Amino acid sequence: MKQLIGPEQNFLAEIPKRGMPVTIITGFLGSGKTTLLNQILKNQENLKVAVLVNEFGDINIDSQVLVALEEDMVELSNGCICCTMNTSLVDAVYKILERQDRIDYLVIETTGLADPLPIVLTLIGTELREFITLDSVLTVVDSEYFTPDDMDSQVALNQVAYGDIIILNKIDLVPEEKVAELENFFDTIKGGARILRSQYGQVPLPLILDVKLSSTEFYQNLDLANIPNNANHIANDGFVSLSFRSDRPFAVKKFQVFLQDKLPVGVFRAKGILWFKESTRRHIFQLSGKRYDLKDEEWQGKPSNQIVFIGRSLNALEINQQLNNCLTR
């Protein structure tokens, strides 16, 4: 990976994209970030969009369910890119900048446990600022499950506090009164933020791309000494990630029993690609709180089971054994 280190290494002529707009998509676990990103990719309106995705855990499910990406995606897995001003994030952005084909836009989707501030500071506080323009920080909120108590988490609070756009997603699952209450609440947390409503992440692109809502000057004037250090925020909030893989299929009924009767109460979020003996198609599994969803599609590659669980006080051995019990013999 090329680096801009010293005056003798001038790669400006080799990097064709200067001022490339960047949108950071953040939001807590299960809010619908990947669904929104898929809507962006399916409605590009002739925009060539590159994507950088990150997962908390060693299986990157999102990278396997995003549409129309092919080579225009860089994957950062097994960790949180937001914890420090990570050189891997800088390298990933350079990898996109150095591509010879046209790239109009970069979208960074963070893990649901990400504080967006260190990501912003990495983009505008390193040499990357010579090549990119931070367009906005976009925060996705699950309208059904969000409560003001979520703001007790420093990460969840920062996702809103630094959001230029707040998308109230899944409004079809709640009454109008709650949506209005959420709008008023977020206006008190981040006055001046653009608050939008959505179902299934469907938002007109002109409202969220090339909006020029982020202020570099605002971040440059922050008193970083008085900002809490979130380097250990995942541990502080008590979240852990567990993964499960198998080259054998599940039995549908056994997996249903696991979800309904044996899923630990500490599981906050789960996602995966599932293989059932009773089906020839792959199933995209999403769980948020007590709500889960399965969508089927054609397999892309060899069938297998891959699941990630995120929660508190999870017993890895117990969950692994229960899932093994769901496999066909």
Side-chain angles (χ1 to χ4, degrees), residues 19-29 31-37 39-40 49-54 56 62 76 80-86 89-90 92-93 96 105-126 128-129 131-142 146 150-151 153-169 182-183 185-198 201 203-224 227-228 230 233:
M20 180 177 64
V22 178
T23 292
I24 298 172
I25 297 179
T26 187
F28 212 60
L29 298 164
S31 58
K33 298 182 296 298
T34 303
T35 302
L36 171 66
L37 184 50
Q39 293 296 337
I40 293 173
V49 179
V51 173
L52 192 157
V53 295
N54 179 231
F56 174 51
D62 286 355
L76 290 176
C80 180
I81 61 174
C82 64
C83 293
T84 60
M85 294 209 288
N86 201 318
L89 174 58
V90 175
V93 176
I96 292 170
Y105 220 94
L106 171 61
V107 177
I108 300 175
E109 181 201 357
T110 74
T111 168
L113 298 174
D115 179 349
L117 180 58
I119 301 175
V120 171
L121 296 179
T122 299
L123 295 175
I124 68 172
T126 65
L128 285 176
R129 64 181 176 271
F131 310 107
I132 63 98
T133 300
L134 181 63
D135 191 55
S136 72
V137 176
L138 194 161
T139 306
V140 186
V141 174
D142 184 331
F146 177 86
D150 292 343
M151 296 293 97
S153 164
Q154 186 65 46
V155 171
L157 177 61
N158 282 4
Q159 288 173 350
V160 173
Y162 294 109
D164 302 301
I165 301 173
I166 299 173
I167 294 184
L168 303 181
N169 196 29
L182 289 174
E183 288 175 329
F185 175 77
F186 285 117
D187 190 53
T188 63
I189 297 293
K190 182 65 185 293
R194 177 177 292 179
I195 301 178
L196 305 173
R197 301 181 177 193
S198 75
V203 181
L205 293 194
L207 295 180
I208 59 174
L209 295 184
D210 198 24
V211 290
K212 300 178 177 64
L213 291 178
S214 278
S215 169
T216 300
E217 183 179 356
F218 166 78
Y219 290 103
Q220 291 173 336
N221 291 333
L222 284 178
D223 184 359
L224 299 180
I227 294 177
N230 288 305
H233 68 263

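Numbers for residues simply follow the sequence, beginning at 1. Everything numeric here is computed off the predicted structure, so don't read it as measured data.
- Remark: of the listed residues T26, I124, T110, V22, T110 is the sole one forming a side-chain contact (heavy atoms from CB on, under 4.5 Å) with I119.
- Considering only heavy atoms from C-beta on, L134 comes within 4.5 Å of I24 through its side chain.
- Using a 4.5 Å heavy-atom cutoff, the side chains of V93 and T122 are not in contact.
- Atom CG of L128 and atom OG1 of T133 lie 11.5 Å apart (nearest 0.5 Å).
- Closest approach of V211 and P206 over heavy atoms only: CG1-O, 3.7 Å.
- Of all heavy-atom pairs spanning G192 and D187, the tightest one is N-OD1, 4.1 Å.
- For T35 (side chain) and G201 (main-chain N/O), no donor-acceptor pair under 3.5 Å exists by modelled atom type.
- Between Y105 and D210, the shortest heavy-atom distance links the atoms OH-N, 2.9 Å.
- Without hydrogens or angle criteria, Y162 side chain to D115 main chain gives no donor-acceptor distance under 3.5 Å.
- R197 places no side-chain N or O within donor-acceptor distance of the main-chain N or O of E183, the cut-off being under 3.5 Å.
- Contact check for I132 versus L106: no side-chain heavy atoms found under the 4.5 Å cut-off.
- Under the 3.5 Å distance criterion, the side-chain polar atoms of D135 are matched with a main-chain donor or acceptor of K212.
- Here the side chain of K33 pairs a donor or acceptor atom with the backbone of G27 at under 3.5 angstrom.
- Taking each heavy atom of V51 and I96 in turn, the nearest pair found is O-CD1, 4.4 Å.
- Counting heavy atoms from C-beta outward, T23 and I165 have side chains that stay 4.5 Å or more apart.
- Side chains of V140 and F28 form no contact here, defined as non-hydrogen atoms less than 4.5 Å apart.
- Taking every heavy atom of both residues into account, L213 and S136 meet most closely at CB-CB, 4.4 Å.
- For Q220, there are no side-chain hydrogen bond (donor to acceptor under 3.5 Å, both in side chains) partners two or more places apart in sequence or in a different chain.
- Here F218 pairs with nothing under the ring-ring contact (aromatic ring centres under 6.0 Å, His included) rule; sequence neighbours left out.
- Distance OG/S31 to CZ/F146: 11.5 Å, rounded to 0.5 Å.
- No side-chain donor-acceptor contact under 3.5 Å links Q159 to the backbone of V141.
- Taking all atoms of both residues into account, the shortest heavy-atom contact from L207 to R194 is O-NH1, 2.9 Å.
- Note that the CZ atom of F186 and the CD1 atom of I167 stand 12.0 Å from one another [nearest 0.5 Å].
- Looking at heavy atoms from C-beta onward, E109 lies in side-chain contact with T34 at the 4.5 angstrom threshold.
- In this structure, CG in D142 is found 7.0 Å from CG in N169, a value given to the nearest 0.5 Å.
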